[in-house]
Peer 1: 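Can you read through this structure? Questions will come right after.
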Amino acid sequence: MILQQDLSIVSNKVIAKDTYEMVLEGDLVQQIKRPGQFIHIKIGEGFSHMLRRPFSIADYSLETNQLVIIYKVIGEGSKWLSKQSDQSFINVLGPLGNGFEIDHLANQNVLVVGGGVGVPPLYALTKQLSQRNDVKAVLGYQSSDSVFYEEKFNKYANTTVATNDGSYGEEGFVTDVINQMQNQVDYYFACGPLIMLGAIQLQLRDTQGLLSVEERMGCGVGACFACVCEADNEKGYVKICQDGPVFHSNEVTLYESIS
Amino acid sequence: MILQQDLSIVSNKVIAKDTYEMVLEGDLVQQIKRPGQFIHIKIGEGFSHMLRRPFSIADYSLETNQLVIIYKVIGEGSKWLSKQSDQSFINVLGPLGNGFEIDHLANQNVLVVGGGVGVPPLYALTKQLSQRNDVKAVLGYQSSDSVFYEEKFNKYANTTVATNDGSYGEEGFVTDVINQMQNQVDYYFACGPLIMLGAIQLQLRDTQGLLSVEERMGCGVGACFACVCEADNEKGYVKICQDGPVFHSNEVTLYESIS
Amino acid sequence: MNLSVDLGGLQLKNPIMPASGCFGFGKEFSQFYDLSELGAVVIKAATGEQRFGNPTPRVAETPSGMLNAIGLQNPGVDKIMEQELPFLDSYDTPIFANVAGSTLEEYVQVAEKLSQHPTIKALELNISCPNVKEGGIQFGTDPNLAYELTRAVKQVSKKPLFVKLSPNVTDITELARAVEEAGADGLSMINTLTGMAIDKQTRKPLIANETGGLSGPAIKPIAIRMIHQVREQTDLPIIGMGGICTADDVIEFLLAGSNAVAVGTANFHNPLVCKEIIDELPEALKRYKFTSLDELREVAVS
Amino acid sequence: MNLSVDLGGLQLKNPIMPASGCFGFGKEFSQFYDLSELGAVVIKAATGEQRFGNPTPRVAETPSGMLNAIGLQNPGVDKIMEQELPFLDSYDTPIFANVAGSTLEEYVQVAEKLSQHPTIKALELNISCPNVKEGGIQFGTDPNLAYELTRAVKQVSKKPLFVKLSPNVTDITELARAVEEAGADGLSMINTLTGMAIDKQTRKPLIANETGGLSGPAIKPIAIRMIHQVREQTDLPIIGMGGICTADDVIEFLLAGSNAVAVGTANFHNPLVCKEIIDELPEALKRYKFTSLDELREVAVS
Ligand SMILES: Cc1cc2nc3c(=O)[nH]c(=O)nc-3n(C[C@H](O)[C@H](O)[C@H](O)COP(=O)(O)OP(=O)(O)OC[C@H]3O[C@@H](n4cnc5c(N)ncnc54)[C@H](O)[C@@H]3O)c2cc1C
Ligand SMILES: Cc1cc2nc3c(=O)[nH]c(=O)nc-3n(C[C@H](O)[C@H](O)[C@H](O)COP(=O)(O)OP(=O)(O)OC[C@H]3O[C@@H](n4cnc5c(N)ncnc54)[C@H](O)[C@@H]3O)c2cc1C
Ligand SMILES: Cc1cc2nc3c(=O)[nH]c(=O)nc-3n(C[C@H](O)[C@H](O)[C@H](O)COP(=O)(O)O)c2cc1C
Ligand SMILES: Cc1cc2nc3c(=O)[nH]c(=O)nc-3n(C[C@H](O)[C@H](O)[C@H](O)COP(=O)(O)O)c2cc1C
Ligand code: FES
Ligand code: FES
């Protein structure tokens, strides 16, 4: 069930350049079904910011009633978030979307690929996948100061970090790293900028995979048609907020829409 | 000199029904010249509230670098103010206006009349007047739960409180109380709702007095012509923010404009 | 307090309804509260055939508002009647259909079909969508076209017809008069103002369609002004909208001369907003010393 | 970074100026910073005789904006020249006069006087004030009247003439074309949108004049859209305005096609805003990878 609730901020701290980790607590957490779902956060006081901001659930625990988001400071909304202090409350709508369906996967060689702020939803995913599968993670960042969660991923997956400028880990894009392991992958998961997702979709077109897609959102619940993406289904489109944000790699055709 | 400065909130507490006292600290205080000047406060985050809110300086001390405002929660701006916590900062433009000129007054029977949120600027005034004059204060409030600062005034002036509903002090309006003392007054000062000021101006038309007038403001510094009031001068008007908010009782003609 | 209103012959429980395009076909919001609590539901625009709408991004935030250029995406009038209306039929609240099109013929065809459907209790004629290349806003800015279209639709529909006016005009009263003469049973106002925002990083418009419709609290003063202007000239019932977020806003719109109101963008801010406004309205009315909605209507600014 | 711009033949140090009516005649703001830092100063509207303007209250706050109905209060063109211009003469920045009136004759008379004054470097023709009963906005909503007025003023003035357009129109490009044909040297856009707010306590409009002009960030998307629309049709220099609060906003207005910008309402929020924007502009340009203002103008959305 989707709830709208004030969650309390347990902590809110910088973990990399312009990147924050926020821990939230409240009953809404009990509604989370899968990694890859997201929450829609109200920004600011009153009605000055009419659109909520979507952030992936990076981790969650039904025991502690807590969830984690990791966010980059981009514009007004994320800047406001970064200034909220512990013990205060933020208004959250969620959990939204369907997340990564992984129940059918066991004893597989699984690849998890994330770029920048596409990394967060893969963390809870990797934790869960690793219980029954062999997981490799490839995480791409701008440069050394923007790297986060490497050690945490390392606990559950054989993790390779790549940076665009080579200042840490491998130099180049995640696609460069994937090139070398293409044949050893049974199933893949990816989240990141559209251009990265498109490239991976093309590169791994013979492998099954799930992609988590971003789009500017209005309602977040499927009512406003802001977040549609062309798709290979009866209607010809999907709503990212409601039908996604995770899609099967052969359902949405990203490399076409970016060319 | 008028400054724009972030002042720190020393305290912010309820002192009567819907009425708060806020103590602010900062160098701007050194610029205050007289009681009756006011400050213009920025409201909210970012640019959602484009107009500042004017509040009278109720008290100030050049030694402690502090000033006091007393404000009633009316709408969005004052509500926001009431939620600001100690140790945070608010952005202040001031001191604005000319305040009460009292240097010429000594050994006089002075009457100070305030209604509701017109009472605050009279406090610092009363303190200063009492050094060389005999001061009577008449303070009007809605009802017993909205009375504030009675004891403080009592230290410096013979103070009568009136409430509209008679739930505290005299029953009725300040004008009822003044009726009984009309002949014993050499000079008067008044601040409150326009309708009260107009009535007093009429009632004490044979006595010299200074009135502090309110009007909705834009700039607060005399540039936008939002706050004009018809006046008996060469130009035919005064700007309340710049020429006032305190005017000589025979300069502005309030009882005409309210009839 | 009795909140019921008569809106051009329709009885509404209360004057609050979600605005077209901001509530889909109701299903998503039925997760949050019982739609029967609403005064009415206005569904998303219907066109003759299915439409995919504009490229994304389709929305952008602006100060106290937002831009949208959805572009009338909808499954087409037939599928709407088949697949969406049955769900709404189970709720005890009148359903308004929002009728759109590129040509007079398309409008007429859609209106005719919808007006014959038993679930639909009234039509809202959308002659003011700024986000489609053809039709839409032309009909809403030219009084002659607005007149023709309204007349044509009126001839095929027996259900009350509300015409939704565009604020992107020099004189909205001229449009209001035109559609009144053509037989409109009521007015909806306002639709969005055409706006634009530019991404300084990419140096391109934030909305793929370049321009979009501005909605939300930012446009409230314009909506209030236009409703007031039109109210001075007509007795037609008006559904007021444009930035409503609170019960206080509803009272302001009623004072300006609206008979009922629609809440659009605020549903994205708070999916429970319509229900919360309905719950708070009696308290808010009392705060401003109104003992009934009738009393409010009598003092409406004129 | 070199911020200078050529605006219809005038050389400005930078593209930032305060908007007419929001800066008085400069004196008050000279307490906060040296006016010579400004790209230009646009003074308050001048009319033929002194005017007292509208009754108070004249301003009200709205979401991310404000309404004003000052009503062109000013001491009249002669007193302005005698009493206000000498002060401004001491600053090293071009002064723009804002010309208003109720009749064509009054406009022409005011323009003629001001254009002969050595302190005045350019005229801004205010055909878009929504807050006076006569003149003002009529000239700004009817292309024929706008044409006539611009031509008449052009005949008596040799200083560059910027015509200030009203956004309260169906098609702003039509007005822009009309005044361009009439000989305007540039455009100022946008003036305020007519709006209204109602006090729920008193049940009356918050502004004594009932309606007022809406300004501030709320209208920014409308300003950006209109400037972009007009830029597609003309090469005239445009002074862009409507809700500018930050250096980022300035960049957005330049990208939309403005050559310079004016800052209005934000001066009330922060009296130092113009100076702060000028100081921050080079950093902001770098942040968006512009090495010069020229480079920005080349990529302006078109
Ligand atoms: C399903 C989903 C999950 C996401 N998860 C994360 C995450 O875990 N961590 C993270 O840092 N970011 C995530 N993002 C991106 C995040 O939503 C944006 O960075 C954020 O909304 C920017 O808001 P802002 O106010 O700081 O920026 P502004 O640019 O000021 O925002 C203005 C408007 O644009 C929208 N917007 C701007 N960038 C994006 C974007 N990339 N995607 C969608 N909307 C955008 C905002 O939501 C807002 O409505 C996710 C986006 C989606 C759709
Ligand atoms: C010179 C001066 C001194 C003042 N001193 C005090 C004081 O010491 N204590 C106190 O409680 N109040 C004082 N006021 C009134 C105070 O400014 C308003 O109560 C306050 O601005 C209300 O803001 P709001 O956002 O809560 O109300 P809202 O109604 O939401 O305000 C909306 C707009 O209207 C303006 N406004 C509303 N009421 C008034 C008013 N009565 N006078 C001027 N503008 C108004 C606001 O400034 C704002 O721009 C003073 C006003 C003036 C002009
Ligand atoms: C995302 C979105 C989609 C909309 N779609 C429609 C539509 O399909 N038909 C219509 O008549 N109006 C549509 N509108 C306009 C709204 O119904 C309403 O008139 C406008 O948004 C002003 O109200 P608000 O400020 O409360 O949103 C849409 C508005 C938004 C924000
Ligand atoms: C209080 C006030 C007074 C104004 N007076 C004038 C004026 O005298 N002449 C004029 O051309 N525009 C006047 N304007 C309009 C502004 O110059 C500007 O076009 C408009 O406010 C939009 O810019 P902004 O959003 O930055 O304020 C006035 C605006 C305000 C808020
Ligand atoms: S954001 Fe509204 S449908 Fe997806
Ligand atoms: S508030 Fe601007 S002149 Fe007084």
Side-chain angles (χ1 to χ4, degrees), chain A residues 1-6 31 40-54 74-78 80 91-97 194 213-231 234-243 252 254 256-258, chain C residues 18 21-32 44-45 50-75 79 199-201 206-208 212 215-218 220 243-246 249 264-273 276:
Chain A
M1 199 166 76
I2 302 173
L3 299 177
Q4 184 189 212
Q5 227 169 52
D6 289 337
Q31 304 295 328
H40 218 24
I41 298 183
K42 189 188 288 188
I43 299 298
E45 300 162 339
F47 302 96
S48 53
H49 293 276
M50 290 304 289
L51 296 185
R52 289 170 175 264
R53 304 296 195 264
I74 302 282
E76 289 186 24
S78 46
W80 180 86
N91 188 275
V92 171
L93 178 68
L96 301 177
L194 200 59
V213 183
E214 280 186 11
E215 187 49 81
R216 298 203 172 222
M217 292 186 175
C219 66
V221 298
C224 76
F225 289 81
C227 68
V228 298
C229 175
E230 276 189 49
E234 195 204 346
K235 291 189 288 184
Y237 69 88
V238 288
K239 288 184 267 183
I240 290 172
C241 67
Q242 191 179 39
D243 305 321
V252 290
L254 301 172
E256 275 173 15
S257 68
I258 58 170
Chain C
C22 302
F23 208 71
F25 299 98
K27 206 172 281 171
E28 292 79 17
F29 288 88
S30 71
Q31 305 168 75
F32 297 105
K44 205 176 155 38
Q50 80 169 21
R51 292 206 191 183
F52 290 111
N54 291 319
T56 57
R58 294 176 170 187
V59 293
E61 195 180 68
T62 66
S64 296
M66 66 175 282
L67 293 169
N68 91 79
I70 306 296
L72 297 182
Q73 177 161 19
N74 80 96
K79 283 231 179 87
D199 186 334
K200 293 162 289 288
Q201 217 94 47
L206 265 166
I207 300 270
S215 63
K220 196 177 73 166
I244 294 176
C245 293
T246 64
D249 292 336
T265 306
N267 290 292
F268 307 159
H269 194 254
N270 171 8
L272 287 147
V273 68
E276 287 178 8

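The sequence lines fix the lettering, A, B, ..., with proteins before strands; numbering per chain opens at 1.
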Peer 1: If you round to the nearest 0.5 Å, how far is CG of A:Leu194 from OG1 of C:Thr56?
Peer 2: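 These two atoms lie 8.0 Å from each other.
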
Peer 1: Do C:Gln73 and A:Lys239 have side chains that approach each other closer than 4.5 Å (heavy atoms only, starting at C-beta)?
Peer 2: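 With C-beta onward as the side chain, the pair stays apart.
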
Peer 1: Under 4.5 Å between any side-chain heavy atoms of C:Cys245 and A:Met50, yes or no?
Peer 2: yes

Peer 1: In terms of heavy-atom pairs under 4.5 Å with chain C, which of A:His49, A:His40, A:Lys235 leads?
Peer 2: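 Sorted descending by pairs with chain C, the first entry is A:His49.
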
Peer 1: Do you know the tightest heavy-atom contact between C:Ile70 and A:Cys224?
Peer 2: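 Answer, listing the atom of C:Ile70 first, then A:Cys224: CD1-O, 3.3 Å.
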
Peer 1: Heavy-atom distances under 4.5 Å only: say whether C:Lys27 touches chain A with side chain, backbone, both or neither.
Peer 2: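 Answer is neither: C:Lys27 stays 4.5 Å or more from chain A.
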
Peer 1: Do C:Pro271 and A:Val221 have side chains that get closer than 4.5 Å, going by heavy atoms?
Peer 2: no

Peer 1: For the residue pair C:His269 and A:Phe47, categorise the inter-ring angle as parallel (less than 30°), tilted (30 to 60°) or perpendicular (more than 60°).
Peer 2: tilted

Peer 1: Heavy-atom distances under 4.5 Å only: say whether C:Pro57 touches chain A with side chain, backbone, both or neither.
Peer 2: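 Both parts, heavy atoms under 4.5 Å.
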
Peer 1: Which atoms of C:Asn74 are under 4.5 Å from chain A, going by heavy atoms: the side chain, the backbone, both sets, or neither?
Peer 2: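 Neither; nothing under 4.5 Å.
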
Peer 1: Heavy-atom cut-off 4.5 Å, strictly under: side chain, backbone, both or neither for C:Ser215 against chain A?
Peer 2: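 Contact with chain A is absent: no heavy atom of C:Ser215 under 4.5 Å.
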
Peer 1: A:Arg216 versus C:Leu206: any side-chain heavy-atom pair under 4.5 Å?
Peer 2: yes

Peer 1: Counting only N and O atoms by type, is there a donor-acceptor contact under 3.5 Å from the side chain of C:Gln31 to the main-chain atoms of A:Met1?
Peer 2: no

Peer 1: Taking the side chain as every heavy atom from C-beta outward, state whether A:Ile2 and C:Phe32 have any atom pair closer than 4.5 Å.
Peer 2: yes

Peer 1: Out of A:Gly220, A:Gly44, A:Gly77, A:Gly222, which one racks up the most heavy-atom pairs below 4.5 Å with chain C?
Peer 2: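 Counting heavy-atom pairs under 4.5 Å, the top option is A:Gly222.
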
Peer 1: Write down the atom of A:Leu51, the atom of C:Glu61, and the distance for their closest heavy-atom approach.
Peer 2: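 Answer, listing the atom of A:Leu51 first, then C:Glu61: N-OE2, 3.0 Å.
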
Peer 1: Please classify the contact between C:Gln201 and chain A as side chain, backbone, both or neither, with a heavy-atom cut-off of under 4.5 Å.
Peer 2: neither

Peer 1: Which bit of C:Ala266 comes within less than 4.5 Å of chain A, counting heavy atoms only: side chain, backbone, both or neither?
Peer 2: both

Peer 1: For the residue pair A:Ala226 and C:Val59, what are the closest heavy atoms and their distance?
Peer 2: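 Of all heavy-atom pairs spanning A:Ala226 and C:Val59, the closest is CB-CG1, 3.6 Å.
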
